[in-house]
**Student:** 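What follows is a single structure, and I will ask about it in a moment.
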Amino acid sequence: MYEGLLKQYKEYLPITDKTPMISLAEGNTPLIPLHSLSKELGINLYGKYEGLNPTGSFKDRGMVMAVAKAVEEGAKAIVCASTGNTSAAAAAYATRAGVKAYVVIPDGKIAMGKLAQAIIYGADIISIPGNFDEALKAVRDIAKTEAVALVNSVNPYRLEGQKTAAFEVCEQLGQAPDVLAIPVGNAGNISAYWKGFKEWHDKKGTLLPRMHGFEAEGAAAIVKGEVIEQPETIATAIRIGNPASWKLAEAARDESKGHIDSVTDEEILNAYRKVAAQDGVFVEPGSAASLAGVIQHVKNGKIKPGETVVAVFTGNGLKDPDTAINATDVKISKMSDLEEMRMHLRNGVSEL
Ligand code: F0G
């Protein structure tokens, strides 16, 4: 039976005899071949579907490790700032480990599914009038004076857990891809994947991919080379103007001969709708930044025809139902009569 990341990758993680082996069976997510988009783009495209983690995002990988270490070190409470997914994961793993979770979120800028999760898992939720960057600054300060463990990705255990996704990609493909495309927000995940690919390269002899990271245009601090005071994007998950792992992300880009570029909200929404409608995979808007970037890079030649590309789909589409409904022309036909339904289907089918 699969029992989660800490057991699966024990020898690659900072686990001691005293580390509690908590698990919600996170990780082991599918690598889904995207047949329709592959054909359209002329590449071999896969989606690493992190939305199938127990709380619906990749954050579970880092959180299981960070919470286990916090408990090992005697913490009774954890704290994080979040655009939503980190708070959901923190709340779930805190519950699992028997500690308290405090989560600090930007008021009104978190998707409904994520808020629902923090509520139902029983976190202590604090909403601030500022954005994620301000929330992160606040919890960093608070963790210095209060008896709480900080579990944002500035906690190095988070990146340790998250690097396991790169191991899985290599195992699933039998090799590293040519390109790993990934959304960039606080820049922890791109840094963690790169660390994972390098470790697997050293231990298993797999190749190294080029890392192609994508920020939302209204929050593209790394691309622009400056802090964005008021980041804005429809992809609230990556609405971050001062990424904590900025330097590590640049190192991942440069060492791998990759790129960090930006995608507009329009490109994000286009990719978001396309992957659901053409390949049957529902991701959240922030996650669609990776696919938006792949489409852009196929057009401008940064990805070559025939290359193998893995797009990381960091979170489940169900996290943010409002965007799904608002981003499409909703067409629901109201019918009360069986005969009317029959004719509707008959007309529809005859056009196929
Ligand atoms: N995709 C999703 C769905 C996310 O929730 C995040 C980050 C990212 C991508 C970016 O990852 O920060 O490692 O570059 N969400 C954080 C949160 C900030 O609070 O849930 P990153």
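Whatever order the structure lists them in is the order used to number ligands and atoms, beginning at 1.
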**Student:** Hey, quick one: are Ile332 and Ile325 part of the same hydrophobic cluster, counting side-chain heavy atoms closer than 4.5 Å, chains of contacts allowed?
**Tutor:** yes
**Student:** Mind checking whether Gly286 has an N or O less than 3.5 Å away from an N or O of ligand 1?
**Tutor:** no
**Student:** Any side-chain heavy-atom pair from Phe58 and Lys48 closer than 4.5 angstrom?
**Tutor:** no
**Student:** Give the numbers and elements of all ligand 1 atoms closer than 4.0 Å to a heavy atom of Glu284.
**Tutor:** 3 (C)
**Student:** Does the side chain of Thr83 come under 3.5 Å of the side chain of Lys109 through a donor N or O and an acceptor N or O?
**Tutor:** no
**Student:** Tell me whether Asn186 has any N or O atom under 3.5 angstrom from an N or O of ligand 1.
**Tutor:** yes
**Student:** Need the ligand 1 atom indices (1-based, order shown) with element for anything under 4.0 Å from a heavy-atom of Thr314.
**Tutor:** 1 (N), 2 (C), 3 (C), 9 (C)
**Student:** Any donor-acceptor pair under 3.5 Å linking the side chain of Glu168 with the backbone of Asn28?
**Tutor:** yes
**Student:** Which of the atoms in ligand 1, numbered in the order shown and given with their element, are less than 4.0 Å from a heavy-atom of Ser82?
**Tutor:** 17 (C), 19 (O), 20 (O)
**Student:** Students should be able to answer this: which protein heavy-atom is nearest to atom 11 (O) of ligand 1, and at what distance?
**Tutor:** Phe58 CZ, 3.5 Å
**Student:** Answer with side chain, backbone, both or neither: which part of Lys59 has a heavy atom less than 4.0 angstrom from an atom of ligand 1?
**Tutor:** side chain
**Student:** Taking N or O atoms only and a 3.5 Å limit, does Gly188 qualify as a polar contact for ligand 1?
**Tutor:** yes
**Student:** Can you find a side-chain donor-acceptor pair between Gln162 and Asn189 that sits under 3.5 Å?
**Tutor:** yes
**Student:** Is a side-chain donor or acceptor of Arg96 paired with a backbone partner of Ser23 at a separation under 3.5 angstrom?
**Tutor:** yes
**Student:** Please say whether Asn85 places an N or O atom under 3.5 Å from an N or O atom belonging to ligand 1.
**Tutor:** yes
**Student:** Return yes if some donor-acceptor pair links the side-chain N/O of Asp265 with the main-chain N/O of Thr233 below 3.5 Å, else return no.
**Tutor:** no
**Student:** I need the atoms of ligand 1 closer than 4.0 Å to a non-hydrogen atom of Thr83, numbered in the order shown.
**Tutor:** 15 (N), 16 (C), 17 (C), 18 (C), 19 (O), 20 (O)
**Student:** Given that the side chain starts at C-beta and the backbone is N, CA, C, O, which of these parts of Ala237 lies under 4.0 Å from ligand 1, counting heavy atoms, or is it both or neither?
**Tutor:** both
**Student:** Looking at ligand 1, would Ala187 count as a contact under a 4.0 Å heavy-atom criterion?
**Tutor:** yes
**Student:** Under a 4.5 Å side-chain heavy-atom rule over Ile, Leu, Val, Met, Phe, Trp and Tyr, are Trp246 and Ile228 clustered together?
**Tutor:** no
**Student:** Taking atom CD as the centre, does Gln278 end up with more than 12 heavy-atom neighbours from other residues, nucleotides or ligands that are less than 6.0 angstrom away?
**Tutor:** yes
**Student:** For the residue pair Phe282 and Tyr272, does the interplanar ring angle fall in the parallel (under 30°), tilted (30 to 60°) or perpendicular (over 60°) class?
**Tutor:** tilted
**Student:** Looking at Ile240, which atoms of ligand 1 are within less than 4.0 Å of one of its heavy atoms?
**Tutor:** 18 (C)
**Student:** Considering only heavy atoms of Thr86, which atoms of ligand 1 have at least one such atom less than 4.0 Å away?
**Tutor:** 16 (C), 17 (C), 19 (O), 20 (O)
**Student:** Should one rank Asn316, Val184, Ile238 by closest heavy-atom distance to atom 8 (C) of ligand 1, which comes out on top?
**Tutor:** Ile238
**Student:** Please state which option from Val312, Asn152, Asp320, Asn189 has its nearest heavy atom closest to atom 13 (O) of ligand 1.
**Tutor:** Asn189
